[in-house]
Amino acid sequence: MTGRIIRITGPVVEADGMRGALMYEVVHVGEDALIGEIIGLSEDVATIQVYEDTTGLAPGEVVERTGAPLTAELGPGLLGMVYDGIQRPLEVIREGMGDFIIRGASFPALDRNRMHAFTPVAEQGAVATPGTVIGTVQEGNFIHSVLVPNGIEGTFVRVADAGDYTITGEIATVLVSDGKEVPVTMLRRWPVRVARPVAEKLKPGAPLITGQRVIDSFFPIVKGGTAAVPGPFGAGKTVVQHQLAKWSDADLIVYVGCGERGNELADVLRQFPALTDPTSGEPLMGRTVLIGNTSNMPVAAREASVYTGITIAEYYRDMGYDVALMADSTSRWAEAMREISGRLEEMPGEHGYPAYLASRLASFYERAGNATVLGSSDRTGSVSVIGAISPPGGDFSEPVTQNTLRVVRVFWALDADLAHERHFPAVNWLTSYSLYPDDVEAWWNEQVGERWGEMRREMMAILQKESELEEIVQLVGPDVLPEDDKLSLHIAEYIRESFLIQSAFDPADTFCAPEKQYMMMQLITDYARYGRVAVANGMLVSAIVALPVAKRLLRLGAVPGAEFRNYFEETLREMKEAFHGSGGGTA
Amino acid sequence: MTSPAREYTSVVRVAGPLMAVSGVGDAAYGEVVEVRLPGGGTRLGEVLESRLDLAIIQVFGGTRDLDTDITSVRFTGVPMRMVVSPEIIGRVFDGSAAPADGGGAVIPGKVMDIAGSAVNPTARAYPEDCIETGISAIDVMNTLVRGQKLPIFSGAGLPHSALAAQIARQARVLRDNEEFALVFGAMGITNEDAQFFLDEFEDTGALGHAVLFINRADDPAIERIITPRLALTAAEYLAFDRGMHVLVILQDMTAYCEALREVSAARDEVPARRGYPGYMYTDLASIFERAGRIYGRKGSITQLPIISMPDDDITHPVPDLTGYITEGQIVLSRDLHRKGIYPPIDVLPSLSRLMSGGIGEGKTREDHSAVSDQLYAAYAKGRRLESLVTVIGDEGLSESDRRYLAFSARFEREFIGQGRAGGRAVEESIDAAWDLLNIFPEEELNRISTDLIEKYRGGAEQ
């Protein structure tokens, strides 16, 4: 089971004497036993991508096969962990090896000595099929269901009593069809490049509420949905991703920092333990798994990091949780593919990317979804995927953006010009889209208010009108516009400044509950309606702008959620009076 | 990499910056070689690819005068290293770390691998100490923070050198007097530029706490691949071993990328954009990510790389990939430069990603963030109106529009264009900003809360 290195070029190594090795098998390369994966076979020569720095490797050193593909370790204890791209625990590595990452680190992803309090659910003699709950472990604030692993079907001969077990301790024995008794522990291993099976994929369900107005009310995403956030550097991709990780109402978050900045991960590690989940009130870190393969860490592990992340997300989905995965940035993942492909001297497709870029992106996003999971109960769970894209030069026609757009259903286009004006989140309201509004309208009608869809369409129409009018203004100046068009421009400005701009750094504004979003929309659309009637009755837009109540609509976001209903009612009342008093008529 | 040194004379091919040596069975990837020229003298090289029968080597001194007959290659068995000690401070080296100031070799203190190791992300301390540069456009609108990497995007003929030197001269951390050092890594800069920095550092006394690595425009291009790594290794030693706060200026990273492209082309690699290699993002990250702070260690590394944008094109691969790695950028503008404004910083495309952690109450001033946002919004609007006025004239403008135009003009002239002499304290800069914002009625200051407007509007005298 050993071969010999015959060539090293960057992260790619070739070894001979490898006949019989499997495609995508994990190998240990060289004297330091660096972790690598076979990505090509030719006669007895294997091409290997190495997940660590290859400096110092020399031809002639050994390559050991492991017989297994790249797997993720799954079990209680994942939440709150920080892993690298191949699921090595970074905090444990730091304790063991110091502040700098040294090669050949070998630490298990899950602590083998930690005890978990196990409570049995399944009974002796009951049927065991993949996904059947054997028992549960309290993991922080979450109930971690221990499920029968895939490939095991039979009956429980034994289920352990309640008590403390390590993840390798036996908690059940299953009698399978060929008469063998199979011991089951809490530790699972799953090949990261293979999607975990579900019973049935379902249609999209409820919206994934993110507390970000431009997302929830304009371009919503659902639980189990897919979204792409492309934008040039400085447009705020990472802040959008962090905001979603902090505030979205998914049960659990898997955050994959793929080829990005070390300080961004430090920022997450600084903020998340201090912030609390708005729904549960528990520290955010307790519902989060972080995968951090920063840009200066080995490139091949960056390629693996998104798969490691989504495998963990699927694992919790199988227990019936709604999981959201953020991948920042998928462009770095694609570039890692390109780099490896280049070293293999493969014929390149567009922009040097390998020809299989489109299929890899598609099969990754297809692992998202809302599903009935395996097991006898009717549990459902979901994985939502939100991928950031970093297009070179901010040009959305490049291959990663274009191939992603073919598979995702929500597109939040970040815009450099908006970012320059410090309009954040810099989501361009004209080019972005979501294919889910029809799916979530029923939820809003039921949970929040009946006019959501109508107000949303009206506000978007005003913004569309604004962009048309701006073209005229560019040619002839603003003073020749009729009053009703001037009013549209005025309302559009309020929509942009008051509603769409949302400060991630203002504690009152960083998360905006659906109820507050709805009231803000109501204030703006009511103001527009009063204004239109007033203008029809001869009132000048300059007079409307000067009304004291107009000022009350200026800093809506900064009004704390708890006080907002009062503020809303007061403003509505003043608005009514102001327009009646000034002869604006009734609306 | 335990193999002892081995020597071969079996050079089989020399092309561009590369050469191939046959019969080396065990050349380690990344191993350093010493190339002995037929006419005497040695050059350093590094193994880029190793096969059972062949090693491909990039020669940092260039391949001129090499042959396939007498040239001998000694494989050292170690990766590229440099010697560091406290004595490097005040010294000037060439692009390969050989003394260039007439002084002797550095007395060994510690030997460090110049490729560095990635900092474990969990060991990083988040940068949040504001550095006052004395430049309003930076301090108020794109605050530099200790441990940040903030490049200057510039173009040919713009005063980036003067700006970098000014920052090096004026930079200080508020309420802090810790040990400070300057590391300057120059790649392919002209003799005049090099002289400018040397004179500048000498005149201001900065040389006494600086280390310089200079690869000039007429030095071998391929050497530029190691120069920034030498500079950063020195910086890491000073910061993390000696506990100093180090400011690293790297000029010009575009020349570095061109050297990278040259090697890639010589190896017939599949290029990404404009002939630059597909791994350039990863490669640049291995340089820029060597900025930062580490928990439990006193020092820090702040990077100020200078990138010249060919044809002022910010979408060119070098500034583009840089912008995706660094924590913001300071963009210089030819238009402002033509208007005679110094420093000609175009604040709209400029950005400091770490700003929000470094400012505010207890750090700079509570109104800092809101004032900065308001300046951005107002200036962006003013600039939009300016382009409108060039088309339709200013007759149709409202009074409010005219205010924005007047604001923009004064903002460029007074706030950005503060001139070369001296710096402004952060508070002075914020007061100057209020002075300009006073043009607007309160309701147009919609990015600032009413409390702050009440407290600070009208200037500092209240």
Side-chain angles (χ1 to χ4, degrees), chain A residues 6-10 54-60 82 90-91 93-94 99-102 233-234 259 261-263 265-267 269-270 292 294-297 299 332 335 338-339 342 345 348 351-352 390 392-395 416 420-422 473-480 497 505 551 554-555 558, chain B residues 1 3 25-31 48-52 79 115 117-127 269-273 278-279 281-282 285-286 289 292 294 297 315 317 320 323-325 327-329 348-349 351 354 356 369 373 376-377 380 388 391-392 395-396 398 443 446 449:
Chain A
I6 56 169
R7 181 182 178 204
I8 307 126
T9 164
T54 51
T55 302
L57 279 183
V82 186
L90 285 170
E91 280 163 322
I93 290 181
R94 184 179 162 215
D99 294 337
F100 292 89
I101 291 178
I102 301 165
F233 59 83
R261 304 176 181 88
N263 278 334
L265 209 64
D267 191 23
L269 289 173
R270 178 184 68 124
T294 56
S295 57
N296 55 340
M297 286 159 77
V299 66
R332 305 299 163 226
E335 281 165 10
R338 174 169 72 185
E339 181 170 342
E345 287 158 22
H351 288 225
S390 319
D395 172 12
H420 293 172
E421 292 172 27
R422 300 308 189 253
V473 170
Q474 288 292 332
L475 292 174
V476 296
D479 57 336
V480 298
E497 296 280 325
F505 303 108
K551 263 189 238 171
L554 272 178
R555 297 185 193 90
Chain B
M1 201 176 297
S3 329
D26 60 351
Y29 178 71
E31 180 173 355
L48 274 191
E49 179 173 336
S50 176
R51 303 186 204 169
L52 271 185
S117 301
V119 176
N120 186 323
T122 62
R124 278 186 187 271
Y126 191 72
E269 289 174 337
V270 179
R273 279 209 305 153
Y279 49 80
Y281 177 84
T282 306
S286 74
E289 277 289 327
I294 294 178
R297 301 198 190 209
T315 67
D320 189 56
Y324 279 120
I325 302 165
E327 285 135 355
Q329 65 279 335
L348 294 186
L351 170 73
L354 301 183
S356 62
S369 156
D373 277 357
Y376 269 109
L388 187 64
V391 182
I392 60 161
E395 294 88 39
S398 67
E443 63 270 19
N446 59 345
S449 77

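Computed over heavy atoms, backbone and side chain alike; hydrogens, waters and symmetry mates excluded.
- Taking both residues in full, the closest heavy atoms of B:A285 and A:N296 are given as O-CB, 3.9 Å, listed atom of the first, atom of the second, then distance.
- Proximity to chain B (any heavy atom under 4.5 Å) is restricted, for A:R555, to the side chain, taken from C-beta onward.
- Formation of a donor-acceptor pair under 3.5 Å by the B:E289 side chain with backbone atoms of A:G262 is found in this model.
- With A:R270 contributing its side chain and B:Y126 its backbone, the two residues share no donor-acceptor pair below 3.5 Å.
- Of the atoms belonging to A:V476, it is backbone heavy atoms, and not side-chain ones, that fall under 4.5 Å from chain B.
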For side-chain contact (heavy atoms from CB on, under 4.5 Å), just list the numbers for B:L388 and A:Q474, CA-CA rounded to whole Å, side-chain angles, deciding distance to a tenth of an Å, and then say yes or no. CA-CA 6 Å; B:L388 187 64; A:Q474 288 292 332; 3.8 Å; yes

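- The shortest heavy-atom contact between A:M297 and B:A118 is CG-CB, 4.1 Å.
- Between the side chain of A:R261 and the backbone N or O of B:Y324 there is at least one donor-acceptor pair closer than 3.5 Å.
- If you measure heavy-atom distances from B:P317 to chain A, you find no contacts under 4.5 Å at all.
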Run the numbers on A:L265 and B:R124 for side-chain contact (heavy atoms from CB on, under 4.5 Å), then give the verdict. CA-CA 9 Å; A:L265 209 64; B:R124 278 186 187 271; over 6 Å; no

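- Here the shortest heavy-atom pairing between B:A123 and A:D99 reads CB-OD1, 3.8 Å.
- Using a 4.5 Å cut-off between heavy atoms, A:L475 touches chain B through its backbone atoms (N, CA, C, O) alone.
- Residue B:A125 touches chain A through its backbone alone, counting heavy-atom pairs closer than 4.5 Å.
- With chain B as partner, the option from A:I93, A:V82, A:N263, A:T54 having the largest number of non-hydrogen pairs under 4.5 angstrom is A:N263.
- Once rounded to the nearest 0.5 Å, the distance linking CD1 of A:I8 with CG of B:L48 reads 12.0 Å.
- Interface remark: A:P348 contributes side-chain atoms only to the contact with chain B (heavy atom separation under 4.5 Å).
- Ranked by heavy-atom pairs under 4.5 Å with chain A, the first of B:A377, B:G292, B:P349, B:S398 is B:P349.
- At a 4.5 Å heavy-atom cutoff, the contact between A:I6 and chain B is made by backbone and side-chain atoms alike.
- Comparing B:S50, B:S369, B:P271, B:A27 by how many heavy-atom pairs each has under 4.5 Å with chain A, the most go to B:S50.
- B:R273 contributes atom CZ, which lies 8.0 Å from atom NE2 of A:H351 (distance to the nearest 0.5 angstrom).
- Of the listed residues B:P121, B:G278, B:S356, B:A380, the one with more heavy-atom pairs under 4.5 angstrom with chain A than any other is B:P121.
- Using a 4.5 Å cut-off between heavy atoms, B:V391 contacts chain A through its side chain alone, with no backbone atom that close.
- Between A:D395 and B:T315 the shortest side-chain heavy-atom distance does not fall below 4.5 Å.
- Contact tally against chain A (heavy-atom pairs below 4.5 Å) for B:N120, B:I325, B:L354: the top residue is B:N120.
- Within the 4.5 angstrom heavy-atom criterion, only side-chain atoms of B:Q329, from C-beta onward, approach chain A.
- Of the listed residues A:R94, A:E91, A:E345, A:E421, the one with more heavy-atom pairs under 4.5 angstrom with chain B than any other is A:R94.
- Of the two parts of B:A272, the backbone and the side chain both hold a non-hydrogen atom closer than 4.5 Å to a non-hydrogen atom of chain A.
- With hydrogens and angles ignored, the 3.5 Å screen pairs a side-chain donor or acceptor of B:Y281 with a backbone N or O of A:G259.
- For A:T294, the part sitting under 4.5 Å from any heavy atom of chain B is the side chain, from C-beta outward, and nothing else.
- Summarising the geometry of B:S117 relative to A:I101, their closest heavy-atom pair is CB-O, 3.8 Å, with the distance given to 0.1 Å.
- A:F100 has its side chain within reach of B:I294: a pair of non-hydrogen atoms, C-beta onward, lies under 4.5 Å apart.
- Contact tally against chain B (heavy-atom pairs below 4.5 Å) for A:G352, A:G393, A:P59: the top residue is A:P59.
- Counting only distance, with no hydrogens or angles, the side chain of B:D26 and the backbone of A:A58 share no donor-acceptor pair below 3.5 Å.
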